[in-house]
Each structure stands twice: as C-alpha cells, then as structure tokens.
K.L.:
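Structure below; questions to follow.
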Amino acid sequence: MSSRVKVVVTGAAGQITYSLIPRLLDGKTFGNKIVDLVMVEIPQVVSKLEGVLMELEDSSFPNMGSVEYTDNFADAAKDADWFLLVGSIPRGIVYEGKKIEERSDLLRINGGIFVNQGEAIGKYGKKDAKILVVGNPANTNALIGQNASGVNSQLWMAMTMLDCNRAKSVISKKVQCSIEEVKKMIIWGNHSPTMYPDIENAIVNNSSVGSLVNDMEWVDKTFLPTVQQRGKAVIDARGASSATSAAKAALDTIIACENPTGDGDCFSAAVASDGAYGVPEGLICGYPLMTMEDGSVEIIRDISLSNFAKEKFDISIAELESEREAVKDLL
Ligand code: NAX
C-alpha cells in the first residue's frame with residue numbers, strides 16, 4: 001500500500017472545507033499516509049488559499065506532505081487518489097444577476113461545473129480514484145461527473161454520511177445508547193428531504209431499532225422529518241448551512257472507504273445503481289455499502305425493506321429520476 005495519498009479538494013475557501021482540510025492532515029483520516037493536498041477554488045477567491053496554506057503550515061500537522069492551491073482543476077487532478085468535490089454555488093446567492101432559489105437552477109448551474117470536473121478526473125485522476133461529491137445537489141452532480149469521466153474503475157459517491165450521522169444521533173437519544181452502538185444506519189435515495197433513513201434495519205446491540213422504538217407514528221411524524229429537515233433547521237438557527245458536521249461526515253466517508261467494514265455493519269453513501277433494489281440503472285442512489293479487504297466498495301444486497309420503507313424509498317427514486325431528466329442535456 002502506498003504511503004502517500006494525493007487529495008484534491010474543491011471549494012477550498014468555503015465553510016465546510018475550513019473544518020475539513022486540517023483534519024485530512026492530522027494522521028487520523030488516512031492513517032499514517034502522508035497527504036499531498038491540492039486545494040482548488042474559483043479565480044475570484046483563489047488567492048485566499050494562501051492564507052489557508054499559511055495556517056496549515058503553522059499547525060505542524062504530522063502527515064502534511066506537499067500543499068498547493070490553484071484555480072485550474074485539470075492541473076490539480078493529475079494522479080490524484082481522492083477528490084472531495086465540495087465547491088458549488090449554494091442556494092440563495094445571486095448568480096449572473098439572478099437569485100438562485102430553485103433546485104432546478106442549482107442543478108443547471110452546478111451541473112456545468114461537474115461536466116468539466118468529471119472530464120478532468122477521467123483524464124488525469126488515478127484509474128482507481130475515489131470521488132466524494134458534497135456540493136449540492138450532490139447525487140445529480142455525481143451523476144453528471146461520473147458520466148463525463150467515462151472511467152468505470154473510478155468510484156463516484158455522493159455524500160449521505162451527514163444524514164446517517166444525524167439519524168444515529170436521534171436514535172441514540174431515543175433508545176439511550178451511545179452513537180457507536182448504532183449500526184447499519186442506511187440512508188436510501190437522494191441527499192434531499194426525500195431521503196429515507198432506515199430505522200427498521202438499523203441495529204443497536206443486535207436488535208432492530210424499529211422494534212426497540214416500536215412506535216411507527218413517532219418514526220413517521222418525528223424521526224423521519226427531523227432527519228430529513230435537519231439541514232434546514234441548522235440554517236434557520238445558525239444563519240449558515242452545516243459546516244463542521246458536513247466536514248466530519250466527509251472524513252467519516254473517507255475512513256469508511258479506507259478500511260474494511262466491520263462485521264454486521266455498513267456505511268452510507270450514494271453510488272451508481274446497477275439495478276440493485278430495483279433502482280433504475282445509473283442513478284446515483286443512497287445505498288448500504290461495504291468496503292472489502294481489497295479496498296473495493298460494494299453495495300450490500302440482502303437488506304429487506306418493509307412496505308413502509310419501499311413507499312418512502314420510491315418517492316426518493318422518483319425525485320432522482322426527475323433530476324436526471326432535468327439535466328439530460330449534460331449527460
Ligand atoms: P461555501 O459557499 O462556504 O463554499 C463553497 C465554495 O465553493 C466557495 O468558496 C466557492 O468559491 C467554491 N466554488 C464554487 N464553484 C467552484 C468550482 N467550480 N471549483 C472550485 N470551487 C468552487 O459553501 P459550504 O457551506 O462550504 O457548502 C458547500 C456545498 O456543500 C454546498 O453546495 C452545500 O449545499 C453542500 N452541502 C452538502 C451537504 C451534504 O451532506 N452532501 C451538507 C452540507 C452542505 O449543505
């Protein structure tokens with residue numbers, strides 16, 4: 001195994017990355033590998049990364065290798081092992097004279113970014129590179145990027161780990177257990193309010209959380225909306241979207257991919273469907289995943305879904321299909 005890992009991070013002057021980048025270098029996320037980092041920003045703000053670089057140098061991180069910054073994504077992509085695609089235009093900002101409120105506008109604007117980045121990753125990234133899309137709408141951005149890359153051996157993922165961590169937090173309070181005791185927390189579908197956090201298949205001490213809670217009304221009326229709407233709740237309270245928790249979730253996803261998954265557990269991310277669980281092929285869909293001993297990531301295929309779960313999951317699949325339809329000219 002290589003003792004160095006090259007990581008490219010976009011949106012490197014943003015909120016999430018301010019929390020994320022330092023922790024890539026602290027020896028925990030990539031174990032004892034030396035991390036060569038390239039930070040990418042748009043030309044208007046790329047100079048701010050000089051300040052980020054200074055702070056990284058001043059932090060004396062044990063695993064910091066070379067650190068560079070650029071506004072040229074294709075240059076950054078050369079031989080990279082990991083791509084953390086956080087950069088995107090957020091909802092609510094004024095872009096080309098128009099306030100971006102609608103998901104359809106977000107899809108169109110950010111979709112264009114992911115065509116270029118996908119092409120560069122396919123051309124210059126390592127053939128076994130892993131790509132984690134955080135920038136929203138994450139699933140469809142990943143769909144566009146993967147399609148543009150044209151390299152099947154690279155693993156494209158959209159982040160649903162934050163939703164998973166949020167669900168674990170609610171469950172640990174409800175059943176009075178530690179976060180570590182909550183296993184198999186699966187987020188099915190889209191990273192959007194239609195996601196389905198699967199409490200019935202989640203496990204605490206070998207028991208289904210659904211049966212421990214034994215209150216489907218609480219699941220439907222409290223648990224699901226709390227997890228599905230948590231991003232909005234954070235924005236309403238903080239006046240800014242989730243940053244520290246999003247960074248932690250990205251780190252958790254990397255750790256989950258870098259280490260074999262423990263028995264009786266799985267991790268959550270959205271990957272391309274090959275038809276698993278009846279999801280139309282190609283959609284980037286939240287699934288239960290497992291990292292194998294050889295480092296490959298597989299969809300776990302033997303999970304049973306109740307009728308209640310299937311009904312909710314179908315809503316999210318339909319949304320993913322409509323997003324794919326909205327960006328079909330980019331595919
Ligand atoms: P910020 O606006 O603080 O930072 C985004 C940064 O991306 C900006 O500095 C911007 O200049 C940069 N950027 C834009 N286009 C770029 C490009 N083509 N190349 C490189 N950099 C580019 O947003 P932040 O709060 O950090 O959120 C980033 C993204 O994460 C947003 O799309 C947000 O919606 C999304 N989120 C995704 C989550 C998830 O679970 N998947 C949760 C948190 C967050 O909402």
Side-chain angles (χ1 to χ4, degrees), residues 8-21 38-49 51-52 69-77 83-96 100-103 105-121 131-145 148 156-167 187 189-193 195 197 227-236 238-254 268-270 284 286:
V8 174
V9 183
T10 67
Q15 279 205 89
I16 293 175
T17 48
Y18 194 68
S19 248
L20 169 66
I21 289 172
V38 187
M39 303 183 286
V40 185
E41 260 296 348
I42 54 174
Q44 297 90 311
V45 295
V46 70
S47 62
K48 287 189 183 176
L49 296 178
V52 178
Y69 63 87
T70 180
D71 57 13
N72 186 323
F73 185 82
D75 277 354
F83 292 87
L84 306 176
L85 304 183
V86 185
S88 62
I89 305 297
R91 202 183 288 226
I93 74 152
V94 176
Y95 183 81
E96 293 178 351
I100 306 303
E101 305 268 33
E102 300 297 326
R103 199 164 169 90
D105 289 331
L106 267 190
L107 280 166
R108 188 179 44 76
I109 295 165
N110 287 317
I113 295 173
F114 283 84
V115 169
N116 298 336
Q117 292 182 351
E119 280 171 1
I121 291 170
I131 302 106
L132 179 65
V133 177
V134 176
N136 279 321
N139 297 53
T140 297
N141 288 341
L143 172 76
I144 293 165
W156 281 78
M157 294 174 281
M159 188 166 90
T160 59
M161 186 66 89
L162 177 53
D163 311 308
C164 173
N165 287 345
R166 286 167 172 164
I187 305 295
N190 202 1
H191 168 68
S192 83
M195 77 182 85
V227 178
Q228 291 166 333
Q229 302 291 341
R230 186 67 165 184
K232 182 176 179 307
V234 171
I235 293 175
D236 290 346
R238 206 173 88 84
S241 63
S242 309
T244 283
S245 54
K248 165 71 164 50
L251 298 163
D252 286 346
T253 311
I254 297 170
S268 280
I284 303 282

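We count ligands from 1, going down the list as the structure has it; atoms in each ligand are counted the same way.
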K.L.:
Taking all non-hydrogen atoms of both residues into account, name the closest pair between Ile113 and Ser88 and its distance.
P.N.:
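That closest heavy-atom pairing would be CD1-CA, 4.4 Å.
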K.L.:
Side chains of Val38 and Tyr69, heavy atoms from C-beta outward: is any pair under 4.5 Å?
P.N.:
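Answer no - side chains too far apart.
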K.L.:
When you measure from the side chain of Ser19 to the backbone of Ala243, do you find a donor-acceptor pair of N or O atoms at a distance under 3.5 Å?
P.N.:
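Judged by distance alone, no pair lies under 3.5 Å.
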K.L.:
So which protein heavy atom does atom 44 (C) of ligand 1 come closest to, and at what separation?
P.N.:
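For atom 44 (C) of ligand 1, the nearest protein heavy atom comes out as Ile16 CD1, 3.7 Å.
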K.L.:
I'd like to know if the side chain of Asp71 and the backbone of Val40 have a donor-acceptor N/O pair within less than 3.5 Å.
P.N.:
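Judged by distance alone, no pair lies under 3.5 Å.
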K.L.:
Closest heavy-atom contact between Ala77 and Ala120?
P.N.:
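Shortest heavy-atom contact: CB-O, 4.0 Å.
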K.L.:
Is any N or O atom of Leu162, backbone or side chain, closer than 3.5 Å to an N or O atom of ligand 1?
P.N.:
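No, there is no polar N/O contact under 3.5 Å.
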K.L.:
Measure the shortest side-chain to side-chain distance between Asn141 and Leu85 over non-hydrogen atoms and say whether it is less than 4.5 angstrom.
P.N.:
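When only atoms from C-beta onward are counted, Leu85 and Asn141 do not touch, as no gap falls below 4.5 Å.
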K.L.:
Students should be able to answer this: which protein heavy-atom is nearest to atom 4 (O) of ligand 1, and at what distance?
P.N.:
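Result for atom 4 (O) of ligand 1: Gly14 CA, 3.3 Å.
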K.L.:
How far is atom 32 (O) of ligand 1 from its nearest protein heavy atom, and which residue and atom name does that atom have?
P.N.:
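Looking only at protein heavy atoms, the one closest to atom 32 (O) of ligand 1 is Ser88 OG, 2.6 Å.
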K.L.:
Can a non-hydrogen atom of Gln44 be found less than 4.0 Å from any atom of ligand 1?
P.N.:
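No, Gln44 has no heavy atom closer than 4.0 Å to ligand 1.
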K.L.:
What atoms of ligand 1 come within less than 4.0 Å of a heavy atom belonging to Val40?
P.N.:
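Selected atoms, number and element: 20 (C), 21 (N).
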K.L.:
Look only at interatomic distance and state if Val134 has a nitrogen or oxygen under 3.5 Å from any nitrogen or oxygen of ligand 1.
P.N.:
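Indeed, backbone or side chain, Val134 has an N or O that close.
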K.L.:
Checking the side chain of Arg108 only, and the main-chain atoms of Gly111 only, is there a donor and an acceptor separated by less than 3.5 Å?
P.N.:
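No: the side chain of Arg108 does not pair with the backbone of Gly111.
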K.L.:
State, to 0.1 Å, how close Leu107 and Pro137 come at their nearest heavy-atom pair, and which atoms those are.
P.N.:
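That closest heavy-atom pairing would be CD2-CG, 3.3 Å.
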K.L.:
Which of the numbered atoms in ligand 1 are under 4.0 angstrom from any heavy atom belonging to Gly135?
P.N.:
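Checking each atom against Gly135, I get 29 (C), 30 (O), 32 (O).
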K.L.:
With a 4.0 Å heavy-atom cut-off (strictly under), which part of Asn110 contacts ligand 1: side chain, backbone, both or neither?
P.N.:
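The answer is neither; Asn110 stays 4.0 Å or more away.
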K.L.:
Should you measure from each heavy atom of Val45, which atoms of ligand 1 turn up under 4.0 Å away?
P.N.:
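Taking each heavy atom of Val45 in turn, ligand 1 has 11 (O) under 4.0 Å.
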K.L.:
Does the N or O separation between Ala138 and ligand 1 drop below 3.5 Å for any pair?
P.N.:
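Checking ligand 1 against Ala138, no N or O pair falls under 3.5 Å apart.
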K.L.:
Ser241 heavy atoms, cut-off 4.0 Å: which ligand 1 atoms fall inside?
P.N.:
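What qualifies from ligand 1 is 25 (O).
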K.L.:
I'd like to know if Ser242 contacts ligand 1, where contact means a heavy-atom distance under 4.0 Å to any ligand atom.
P.N.:
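In this structure, Ser242 qualifies as a contact of ligand 1 - some heavy atom is under 4.0 Å.
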K.L.:
Show the atom names and distances, to 0.1 Å, of all donor-acceptor pairs under 3.5 Å that link a side chain in residues 156-166 to residues at least two apart or in another chain.
P.N.:
residue: Thr160; atom: OG1; partner: Ala269; partner atom: N; Å: 3.3
residue: Asp163; atom: OD1; partner: His191; partner atom: ND1; Å: 3.4
residue: Asp163; atom: OD2; partner: His191; partner atom: ND1; Å: 2.8
residue: Asn165; atom: ND2; partner: Asp252; partner atom: OD2; Å: 3.0
residue: Arg166; atom: NH2; partner: Ser242; partner atom: OG; Å: 2.8

K.L.:
Relative to the heavy atoms of Ala246, which atoms of ligand 1 are at a distance of less than 4.0 Å?
P.N.:
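Listed by number with element: 43 (C).
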K.L.:
Quick one: nearest non-hydrogen protein atom to atom 2 (O) of ligand 1, plus distance?
P.N.:
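Here the nearest protein heavy atom works out to Pro90 CG, 3.7 Å.
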K.L.:
Closest by any non-hydrogen atom to atom 33 (C) of ligand 1: pick that one out of Leu85, Asn141, Asn136.
P.N.:
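Of the listed residues, Asn136 has the closest heavy atom.
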K.L.:
How far is atom 18 (N) of ligand 1 from its nearest protein heavy atom, and which residue and atom is that?
P.N.:
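The protein heavy atom lying closest is Ile113 CG2, 3.4 Å.
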K.L.:
For atom 11 (O) of ligand 1, which protein heavy atom lies nearest, and how many Å away is it?
P.N.:
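Here the closest protein heavy atom is Glu41 OE1, 2.7 Å.
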K.L.:
Any idea which protein heavy atom is nearest atom 15 (N) of ligand 1, and the distance to it?
P.N.:
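Of the protein heavy atoms, Ile42 CG2, 3.6 Å lies nearest.
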K.L.:
How about atom 27 (O) of ligand 1: does it have a protein heavy atom within less than 4.0 Å?
P.N.:
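True for atom 27 (O) of ligand 1.
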K.L.:
Please list, in number order, the atoms of ligand 1 under 4.0 Å from a heavy atom of Gln117.
P.N.:
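Heavy-atom distances to Gln117 below 4.0 Å select 18 (N), 19 (N).
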K.L.:
Nearest heavy-atom pair of Glu41 and Gly14: which atoms, and what distance?
P.N.:
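Closest approach of Glu41 to Gly14: OE2-N, 3.9 Å.
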K.L.:
Counting non-hydrogen protein atoms only, what is the nearest one to atom 3 (O) of ligand 1? Give residue, atom name and distance.
P.N.:
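For atom 3 (O) of ligand 1, the nearest protein heavy atom is Gln15 N, 2.9 Å.
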K.L.:
Relative to atom 38 (C) of ligand 1, which among His191, Met161, Lys48, Met39 owns the nearest non-hydrogen atom?
P.N.:
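Going through His191, Met161, Lys48, Met39 one by one, His191 has the nearest heavy atom to atom 38 (C) of ligand 1.
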K.L.:
Using side-chain heavy atoms (C-beta onward) and a distance below 4.5 Å, is Met195 in contact with Asn190?
P.N.:
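SC-SC contact between Met195 and Asn190 ruled out.
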